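Owing to the predicted nature of the structure, the values given are computational and were not obtained by experimental measurement. Below, chains carry the letters A, B, ... as their sequence lines are ordered, and counting in each starts from 1.
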Amino acid sequence: MTGVLRIITHIFFLYALLLIGNVLQEIFHLFIPGSVIGMILLFLLLKLGIMKLKWLEEGTSLLLRHLTLFFIPVTIGFMEYLELFKGRGLLLLIITVISTALVMGVGGAVSEQLARRKETQNE
Amino acid sequence: MNSWLAERKRRMNEIMIGIIAIVATVAIYLLILPIHKKIQSPFTQPIVAVSAIIILFLFLLDIPYETYMIGGQWIEFLMGPAVVALALPLYKHYDMLKEYVKPILVGVTIGAFVGVTTGLFMAKALGFDREVILAIVPKSVTTPVAISIGETLGGSLSLTAVFVVIAGVSGSIISPLIFKLFKLQGPLGRGIGMGSASHAIGTAASMDRNALEGSVSSIAMIISAIIVSFFAPLFVLLFL
């Protein structure tokens with residue numbers, strides 16, 4: 001039982017950081033999402049040693065392990081847009097796949113080239 | 001008196017529907033996990049399989065999305081905290097990240113730029129509505145961040161999620177082909193490609209292939225989320 005309580009506490013802590021992120025976004029009119037601000041805050045807290053990893057590891061790992069689960073409800077919203085991909089809408093599907101292929105290929109190739117250059121320099 | 005009773009009954013019904021939606025979603029998800037482990041097909045990935053099964057159920061039983069979301073919203077509620085949780089892999093892999101900071105940052109930044117601009121310009125050139133274009137722009141980043149970016153852009157959130165899923169699933173399916181075409185041989189290049197293009201869904205596919213590729217992919221997904229949340233509003237402002 002204490003394990004479950006600990007996990008709930010961890011998740012509440014993450015939620016608190018999310019709320020702080022949201023508040024910061026509103027105050028400073030930032031266009032970065034509050035969740036990403038919360039993530040950067042948590043990273044800084046860990047890096048500066050203010051937070052210890054073990055204080056929130058269990059709950060955090062649990063959320064990360066089941067990251068996919070939390071996307072499912074919003075993905076099911078797809079059912080309301082099936083009409084969109086009929087006829088001309090099929091082009092949207094093609095655009096998305098082409099753009100995805102380019103991101104993967106170009107981004108990956110640039111990284112690999114730069115890494116290889118760095119490695120040959122080191123040798 | 002009667003209206004009070006009817007209201008009470010409606011409330012009870014909603015609570016029941018909510019509980020059923022949550023339990024069914026989690027149960028189907030837990031059922032699919034071991035099946036995916038065995039079969040390892042892009043189509044058995046939980047995001048694809050579970051969503052498809054539930055959509056099928058809802059259509060067969062003629063239940064609107066809105067009704068499902070009475071329960072679904074409670075699962076969705078955890079999306080925000082889950083994004084905050086992504087600080088953990090970032091922290092754990094910090095040393096490797098620092099070592100390859102330049103290749104990673106440059107690769108992910110160029111990937112983010114390519115993703116935002118090609119989506120925006122192709123959809124605009126083909127004359128699609130503003131609402132659709134806004135939904136395509138953040139497609140390369142993980143759903144909760146894409147949703148937050150969608151909120152900032154003023155686009156439709158469900159539609160944004162739809163394009164995110166298409167980018168994730170299609171990327172996982174075509175990745176072996178892309179690796180060959182662009183000659184991506186190491187875990188660094190592959191991981192950067194997967195995380196930048198196909199976020200968490202791609203990261204899961206990478207993890208299945210190679211642990212290092214998966215770690216790089218999760219780092220790329222996080223950095224890409226940050227960079228795209230800068231790029232998306234900027235390019236929409238400039239070109240739409």
Measure the [atom1]-[atom2] distance between [X] and [Y] for me, rounded to the nearest 0.5 Å.
X	Y	atom1	atom2	answer
B/Ile75	A/Leu69	CD1	CG	5.5 Å
A/Leu92	B/Leu126	CG	CG	8.0 Å
A/Ile40	B/Ile226	CD1	CD1	4.5 Å

- request: With sequence neighbours excluded, tell me which residues meet salt bridge (charged side-chain N to carboxylate O under 4.0 Å, His left out) with B/Lys180.
  value: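 Salt bridge (charged side-chain N to carboxylate O under 4.0 Å, His left out) list for B/Lys180, sorted by chain: empty.
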
At a heavy-atom distance under 4.5 Å, which candidate from [options] has the highest pair count against chain A?
options	answer
B/Gly195, B/Pro64, B/Gly189	B/Gly189
B/Val106, B/Leu88, B/Val216, B/Val50	B/Leu88
B/Gln185, B/Gln73, B/Gln45	B/Gln185
B/Tyr65, B/Phe77, B/Phe128, B/Phe163	B/Tyr65

Please classify the contact between [X] and chain A as side chain, backbone, both or neither, with a heavy-atom cut-off of under 4.5 Å.
X	answer
B/Thr117	neither
B/Val145	both
B/Ser224	neither
B/Val132	side chain
B/Ile147	side chain
B/Ser196	both
B/Ala87	both
B/Phe113	neither
B/Ile47	both

field: Residue among A/Arg88, A/Gln113, A/Arg116 with most heavy-atom pairs under 4.5 Å to chain B
entry: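 Maximum pair count with chain B is reached by A/Arg88.
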
field: Top contributor to chain B contacts, counting heavy-atom pairs under 4.5 Å, from A/Val110, A/Ile95, A/Leu102
entry: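 Among A/Val110, A/Ile95, A/Leu102, the one with the most close pairs to chain B is A/Ile95.
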
Might you point out which heavy atoms bring [X] and [Y] nearest each other, and give the distance in Å?
X	Y	value
A/Leu18	B/Pro81	CD2-CD, 3.8 Å
B/Met122	A/Ile98	CE-CG2, 4.1 Å
A/Ser35	B/Gly80	CB-O, 4.1 Å
B/Ile174	A/Ala101	CD1-CB, 3.8 Å

Does the side chain of [Y] come within less than 4.5 Å of [X]'s, by heavy atoms?
X	Y	result
B/Leu86	A/Phe43	no
A/Ile76	B/Leu58	yes
B/Ile104	A/Ser111	no
B/Ile54	A/Met79	no
A/Thr100	B/Ser198	yes
B/Leu33	A/His66	yes
B/Glu66	A/Glu80	no
B/Pro89	A/Leu64	yes

query: Do A/Ser99 and B/Lys139 have a side chain donor and acceptor closer than 3.5 Å?
result: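 Indeed, the side chains of A/Ser99 and B/Lys139 share at least one donor-acceptor pair under 3.5 Å.
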
task: Inspect the surroundings of CZ in A/Arg117 and state if more than 12 heavy atoms from other residues, nucleotides or ligands are less than 6.0 Å away.
output: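 No, CZ of A/Arg117 has 12 or fewer neighbouring heavy atoms, counting only those of other groups under 6.0 Å.
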
query: Does the side-chain contact (heavy atoms from CB on, under 4.5 Å) test come out yes or no for A/Phe85 and B/Ile166, once each step is laid out?
result: CA-CA 12 Å; A/Phe85 295 97; B/Ile166 298 173; 3.8 Å; yes

task: Applying side-chain contact (heavy atoms from CB on, under 4.5 Å), run through A/Phe70 and B/Val83 and close with a yes or a no.
output: CA-CA 10 Å; A/Phe70 315 124; B/Val83 176; over 6 Å; no

- request: Say whether, by atom type as modelled, one donor and one acceptor occur between the side chain of A/Glu112 and the main chain of B/Leu188 under 3.5 angstrom.
  value: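 No; judged by distance alone, with no hydrogens or angles, the pair does not exist.
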
- prompt: For the side chain of B/Tyr29 and the backbone of A/Ile72, is there at least one donor-acceptor N/O pair under 3.5 Å apart?
  reply: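 Here the side-chain-to-backbone pair does not exist.
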
field: Given B/Ile192, B/Val114, B/Leu177, B/Ile178, the one that forms side chain to side chain contact (heavy atoms under 4.5 Å, CB included) with A/Met104
entry: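 Running side chain to side chain contact (heavy atoms under 4.5 Å, CB included) over B/Ile192, B/Val114, B/Leu177, B/Ile178 with A/Met104 returns exactly one hit, B/Ile178.
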
Qualifying side-chain hydrogen bond (donor to acceptor under 3.5 Å, both in side chains) pairs with a residue from residues 90-113 of chain B, counting only residues at least two apart or across chains: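 Pairs touching residues 90-113 of chain B that pass the test: A/Glu57-B/Lys92, A/Glu119-B/Tyr100.
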
- prompt: Quick one: which residues of residues 9-16 of chain A reach chain B at under 4.5 angstrom, heavy atoms only?
  reply: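 The list, in residue order, reads A/Ile11, A/Leu14, A/Tyr15.
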
query: Does anything in residues 45-53 of chain A get under 4.5 Å of chain B by heavy atoms, and if so which residues?
result: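 Counting heavy atoms that sit under 4.5 Å from chain B, the residues of residues 45-53 of chain A involved are A/Leu46, A/Lys47, A/Leu53.
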
query: Relative to chain B, which segment of A/Leu84 carries a heavy atom at a distance below 4.5 Å: side chain, backbone, both, or neither?
result: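 Contact with chain B: side chain only.
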
- prompt: With only heavy atoms counted, which part of A/Ile94 is less than 4.5 Å from chain B, the side chain, the backbone, both or neither?
  reply: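 Looking at A/Ile94, nothing touches chain B.
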
